[in-house]
Protein chains: 2
Amino acid sequence: MAAARVRSGGRPTLEEVAARAGVGRGTASRVINGSPRVSAQTREAVEAAVAELGYVPNRAARALAGNRTDAIALVVPESETRFFAEPYFSDIVRGVGAALADTEMQLLLTLAGNDRERRRLAQYLTAHRVDGVLLVSVHADDPLPDLLEQLGMPAVISGRRHAAETLPSVDSDNFEGARAAVDHLISRGRRTIATITGRLDVYGAQRRLDGYRKAVAAAGLDPDERLIAPADFSEEGGARAMRELLERRPDVDAVFAASDVMAAGARQVLRESGRRIPDDVALIGFDDSAVARHMDPPLTSVRQPIEEMGRTMTRVLLQEIANRSSGDATQERPRIVLPTELVVRESS
Amino acid sequence: MAAARVRSGGRPTLEEVAARAGVGRGTASRVINGSPRVSAQTREAVEAAVAELGYVPNRAARALAGNRTDAIALVVPESETRFFAEPYFSDIVRGVGAALADTEMQLLLTLAGNDRERRRLAQYLTAHRVDGVLLVSVHADDPLPDLLEQLGMPAVISGRRHAAETLPSVDSDNFEGARAAVDHLISRGRRTIATITGRLDVYGAQRRLDGYRKAVAAAGLDPDERLIAPADFSEEGGARAMRELLERRPDVDAVFAASDVMAAGARQVLRESGRRIPDDVALIGFDDSAVARHMDPPLTSVRQPIEEMGRTMTRVLLQEIANRSSGDATQERPRIVLPTELVVRESS
DNA sequence: ACCATTCTTGGGAGCGCTCCCAAGCGTACG
DNA sequence: CGTACGCTTGGGAGCGCTCCCAAGAATGGT
């Protein structure tokens, strides 16, 4: 039996583990990768050697030999990071982390700026070989998703770009969330319900508007288009929209804002106009962020299960990767919608 | 001249680039890695081939051959992620991302739970070969930093564990921030100034308390220990501390809370006790988070340059890595302190 | 014109692992 | 008791790159 080569400083290699266990490199590899084609006895010997030597496989070598990386990338549009930031980002990450916890997968964080950068990014992602990509907060004309699809890189998108999203996606139920919010306002006796929308090139914002419309129509309320004020998810935008609304329909008695931050802007304007919340005007937001909890009065808001979205996206992606490598070219693209929840506070 | 081997599907390799440029593999490698030992003409030829073929180096191969990874890990304690979350996490990430933007370095995100997990983590980090580690929000008895130091892995810590931090660190000036806050209260005529502290096993919380003490002493105010209420950075903790304070010193006319979230808790209790802010009691927080901006009244708070901390940490780490690999065993450990800024709003 | 340097260059060796083939053994069946 | 097949096993080949050595080309000095 050849003595295990003693190496100067470094970490133990597979070869050393094999020598220690008195088996061949191939066998040791099989044990470490959980192949069933190993006898129980051999397996034990190798496992003992691994434990004694504190062996941890070298990722780079694995990646090179196995043509995979055991890593996925989370691509975050840098520009939107700030305003989508509130709870969103860290919650998504926590969800992803949770789903990855007992996996060997690593999480690569990639901040992509403008479209040009994103185009290059696709190159890098495939060349640097991540096994899959998680796409967060993508707008309608983002080139990255299609690029990834062309390159055959598994990807999952949070939300969607449009109704006919081609990539696997995980979204929250924006439509139902909005509808529940407006229904709630109606049940509280409000009749002149306005909405402040987000950027309508974001599919979710569109769906929230649809939900609003649906609820208004179902209740037989006046579907006055002047009750709909477009904004951009920003606090200032929310304020501006609220001013427009007050001008067009001073008799408004409730507002559904498509984000908490916009609701905060609206609240400010309502206050300045001398209206009390909720006595004169009820207000509801979306996201159930820290802003909602700390607003005065505390803001009723639609909670999205962000962390769970992160978890689900990751699971879907891992599945996608597994399918891909096992040749299961199942063409079904999961399109998952998670339920939202209305958190009623004092503003409504 | 040998024709470039045509490969079936995959991405071009260095070998192919070399063939295309009519040079050897070694030369092509030199060009790509910016070695000066190449003639201008050769360089151009290789660069042209790279462009034509759309060559992107294979990271795994590089890592394996070069014994480095061009990746750093950001280690986030999972448990604290939530309460440190507000702006902290995403801002740090943005800073790190910015500093990494025109580097080849990748960012690995690692969520570590309890101490046991963190101990294992050190193993993995060295075995999986990241070139360096960014440590965020570390508490005093975290084993990870020392482990990394022993393993000789470059690391930078945000904040510190104690006054005699051994690792390179980047911190915000908690002491001066607190002092400025209290000075501001004093300049507004407040005389009975209380403080609600964070967990004092966090060095930063300790420093904020020190700053408070210093300012109180410098102004010749009564340094009554009953004006100091320890809490834990949570909203509920802040509320509890505020209740204690009111009981012990009902005449308190100002409160410096060591975080916005705790200030929010305190505000609630102050309201319930019938005190007006700022008329009866002035309130200041720390962090300048969204909570502060949206509180009613808007909360005066001490802003920390979080994003810049992320950027600076990263730069320090990259430098550390560069030193290490060039054999510059300079033993100087940078210990950077970034200035804070008092953002005055209506609560004071 | 010749030799010593310096600059470029090509390509072998090897990083640690996975994949896969072929060999060794054991077993069951005819 | 012989043959065929299945399970284990060892180890060669090769993933794409960096490192480094030695060879060739170019330069300069005398």
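Within every chain, numbering begins at 1; the chains are lettered A, B, ... in the order of the sequence lines, protein sequences first and strands thereafter. All of these numbers come straight from a predicted model, not from anything done at the bench.
Across the protein-nucleic acid pair, A/Arg11 atom CZ and C/dC17 atom P stand 11 Å apart, rounded to whole Å. At whole-Å resolution of the value, CG in A/Leu14 and P in D/dG10 are 13 Å apart. Rounded to an integer number of Å, the gap from A/Ile32 CD1 to C/dC17 C1' is 10 Å. Atom CZ in B/Arg30 sits roughly 12 Å away from atom P in C/dG11 (whole-Å rounding). Nucleotide C/dC17 holds its P atom 9 Å from the CD atom of A/Glu15, rounded to whole Å. In this structure, B/Leu64 places its CG atom 17 Å from P of D/dG14, rounding to the nearest Å. Atom P of nucleotide C/dC17 and atom CZ of A/Arg68 are separated by 12 Å, given to the nearest angstrom. For the pair B/Asp70 CG and C/dC15 P, the interatomic distance rounds to 20 Å; values are reported in whole Å.
Nearest heavy-atom pair, A/Ala155 versus A/Leu148, reported as atom, atom and distance to 0.1 Å: CB-CD1, 4.2 Å. Scanning all heavy atoms of the two residues, the minimum distance from A/Pro305 to A/Leu338 falls at CG-CB, 3.8 Å. Taking all atoms of both residues into account, the shortest heavy-atom contact from A/Thr69 to A/Arg59 is O-NE, 4.0 Å. Nearest heavy-atom pair across B/Arg11 and B/Val56 is NH2-CG2, 4.5 Å. Taking each heavy atom of B/Leu125 and B/Met153 in turn, the nearest pair found is O-CE, 4.0 Å.
Using a 4.5 Å heavy-atom threshold, the side chains of A/Val50 and A/Ile32 count as touching. Using a 4.5 Å cut-off on side-chain heavy atoms (C-beta onward), B/Gln319 and B/Val316 make no contact. Taking 4.5 Å as the limit, every side-chain heavy atom of A/Leu109 sits out of range of all side-chain heavy atoms of B/Val96.
Within residues 39-63 of chain A, the residues having any heavy atom closer than 4.0 Å to DNA chain C are, in order of number, A/Tyr55, A/Pro57, A/Asn58, A/Ala61, A/Arg62.
Note on the helix from C/dA1-D/dT30 to C/dG30-D/dC1: angle between the axes of the first and last five pairs equals 40°, rounded to 10 degrees.
The listed nucleotides are C/dG10, D/dC15, D/dG16; the one nearest the side chain of B/Thr27 is C/dG10.
Taking the charged nitrogens against the carboxylate oxygens, A/Glu52 and A/Arg20 do have a contact shorter than 4.0 Å, which makes a salt bridge.
B/Arg37 contributes no side-chain N or O that forms a donor-acceptor pair with the base of C/dT9 under 3.5 Å. Judged by distance alone, with hydrogens and angles left aside, A/Arg25 brings a side-chain donor or acceptor within reach of the base of D/dG12, the pair sitting under 3.5 Å.
At a threshold of 4.0 angstrom between heavy atoms, the contacts of A/Asn67 with the nucleic acid are absent.
Under 4.0 angstrom from either OP1 or OP2 of D/dC17 there lies no side-chain N or O belonging to B/Ser29.
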